[in-house]
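We're numbering straight along the sequence, starting at 1. Counting starts at 1 for both ligands and their atoms, in listed order.
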Amino acid sequence: MTIAPEAGTAEVSLPTQSTYQTRVADYWNAEENPVNLELGKLDDLYHHHYGIGAADRSVLDEPDAELRRERITTELHRLEHAQAEFLAERLGPLSPADRVFDAGCGRGGGSVVANLRYGCHADGVTISEKQAEFANAQARKRGIDDRVRYHHRNMLDTGLESGAYAASWNNESTMYVELDLLFAEHARLLRRGGRYVTITGCYNDTYGQASREVSLINAHYICDIHPRSEYFRAMARNRLVPVHVEDLTEATIPYWELRREADHLVTGIEDTFLNAYRNGSFQYLLIAADRV
Ligand SMILES: C[S@@+](CC[C@H](N)C(=O)[O-])C[C@H]1O[C@@H](n2cnc3c(N)ncnc32)[C@H](O)[C@@H]1O
């Protein structure tokens with residue numbers, strides 16, 4: 001399917017609906033960061049989000065260089081996995097008959113976590129064809145491909161069945177889209193009483209506008225971090241009523257402090273995140289909402 005071109009502009013195919021979305025898809029199709037792949041290889045749970053909780057910094061004292069790298073990798077993965085479990089816990093209660101929707105699913109770890117926890121069916125959607133293929137191969141390898149499926153689609157326009165989902169989420173993927181369009185799609189997919197959860201970085205309205213650090217993060221990931229206030233406004237406009245809000249900023253700092261010392265995994269954005277959290281311009285937030 002194609003969208004009719006305006007005079008003088010290029011034709012755009014779905015699932016990307018704009019040049020911007022094509023650039024985001026290009027980024028994730030090409031992405032091979034060790035911090036994503038090396039951690040995932042440990043147990044075939046591929047998370048492309050940050051971690052939470054106290055870090056075991058004794059891994060930095062390991063004298064053997066190779067073992068030190070391995071122990072740091074394992075510890076960062078443990079913290080990222082703890083974040084995924086924290087989100088999954090707030091989707092429930094769910095039964096194996098339920099369906100869940102993972103918006104902006106990356107290489108698929110979040111849907112596997114939900115399936116392992118609840119036995120539920122999951123549909124993950126990513127704008128990256130390569131990620132969808134990778135995640136489906138992982139589901140086949142685990143023997144859960146009859147229940148966990150990944151689609152190369154746009155999360156703003158998924159084509160999935162209306163009202164069929166008991167829960168849905170965005171784990172660090174809301175900053176790539178307009179929130180009104182995103183929440184309208186979640187509201188369409190969720191059944192009445194269904195649960196929506198997001199964990200996201202947002203800029204702090206009390207700081208003022210986006211800080212230098214927030215702008216650097218936007219440039220690094222080609223994204224557009226929203227202010228905290230915009231989440232609540234857009235949810236209210238789209239039949240999503242917040243039931244739980246948790247500021248995870250303090251909880252994510254140990255992850256970043258450890259990651260900045262992981263020479264084999266750093267991407268160069270670590271200090272920017274730490275500065276943004278510490279100067280109060282940026283927050284790591286969980287919002288759970290009910291679809292009414
Ligand atoms: C930081 S990653 C998070 C991945 C995953 N949620 C996780 O926690 O591991 C952001 C994801 O958002 C996806 N994404 C960005 N814009 C999208 C869109 N319009 N439709 C579907 N996926 C999108 C990217 O392809 C990527 O998989």
Considering both backbone and side-chain atoms of [X], is one of its nitrogen or oxygen atoms within less than 3.5 Å of a nitrogen or oxygen in ligand 1?
X: Tyr46; value: no
X: Thr126; value: yes
X: Tyr176; value: no
X: Glu172; value: no
X: Ala103; value: no
X: Trp28; value: no
X: Val177; value: no

Do you know which two heavy atoms are closest between [X] and [Y], and how far apart they sit?
X: Asn115; Y: Cys120; answer: ND2-O, 2.9 Å
X: Trp169; Y: Ser111; answer: CZ2-N, 3.8 Å
X: Phe183; Y: Tyr231; answer: CE1-O, 3.8 Å

Side-chain donor-acceptor contact under 3.5 Å, [X] with [Y]:
X: Asn238; Y: Asp180; answer: yes
X: Ser173; Y: His48; answer: no
X: Ser229; Y: Asp205; answer: yes
X: Glu80; Y: Tyr255; answer: yes
X: Arg212; Y: Thr272; answer: no
X: Asn36; Y: Arg107; answer: no
X: Glu75; Y: His77; answer: no
X: Tyr284; Y: Gln83; answer: yes
X: Gln21; Y: Thr16; answer: no

Within less than 4.0 angstrom of ligand 1, does [X] place any heavy atom?
X: Arg153; result: yes
X: Cys105; result: yes
X: Leu156; result: no

Just let me know how Val24 lines up against ligand 1, side chain, backbone, both or neither, with a heavy-atom cut-off below 4.0 Å.
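Val24 to ligand 1: side-chain contact only, backbone stays beyond 4.0 Å.
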
Quick test: of every protein heavy atom, which one is nearest to [atom], and how far off is it to 0.1 Å?
atom: atom 22 (N) of ligand 1; value: Ile127 N, 3.1 Å
atom: atom 12 (O) of ligand 1; value: Ser173 CB, 3.5 Å
atom: atom 11 (C) of ligand 1; value: Gly104 O, 3.6 Å
atom: atom 26 (C) of ligand 1; value: Gln131 OE1, 3.6 Å
atom: atom 19 (N) of ligand 1; value: Asn154 OD1, 3.1 Å
atom: atom 8 (O) of ligand 1; value: His49 ND1, 2.9 Å
atom: atom 20 (N) of ligand 1; value: Met155 N, 2.9 Å

As an exercise, state the distance from NE2 of His49 to NE2 of His81, rounded to the nearest 0.5 Å.
8.5 Å

Can you name the atoms of ligand 1, numbered from 1 with element, that are less than 4.0 Å from a heavy atom of His47?
9 (O)

Which of the numbered atoms in ligand 1 are below 4.0 angstrom from a heavy atom of Asn171?
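Every atom of ligand 1 under 4.0 Å from some heavy atom of Asn171: 3 (C), 5 (C), 6 (N), 8 (O).
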
Considering Glu185, Glu31, Gln83, His48 one by one, which has a heavy atom nearer to atom 3 (C) of ligand 1 than any of the others?
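Shortest heavy-atom distance from atom 3 (C) of ligand 1: His48.
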
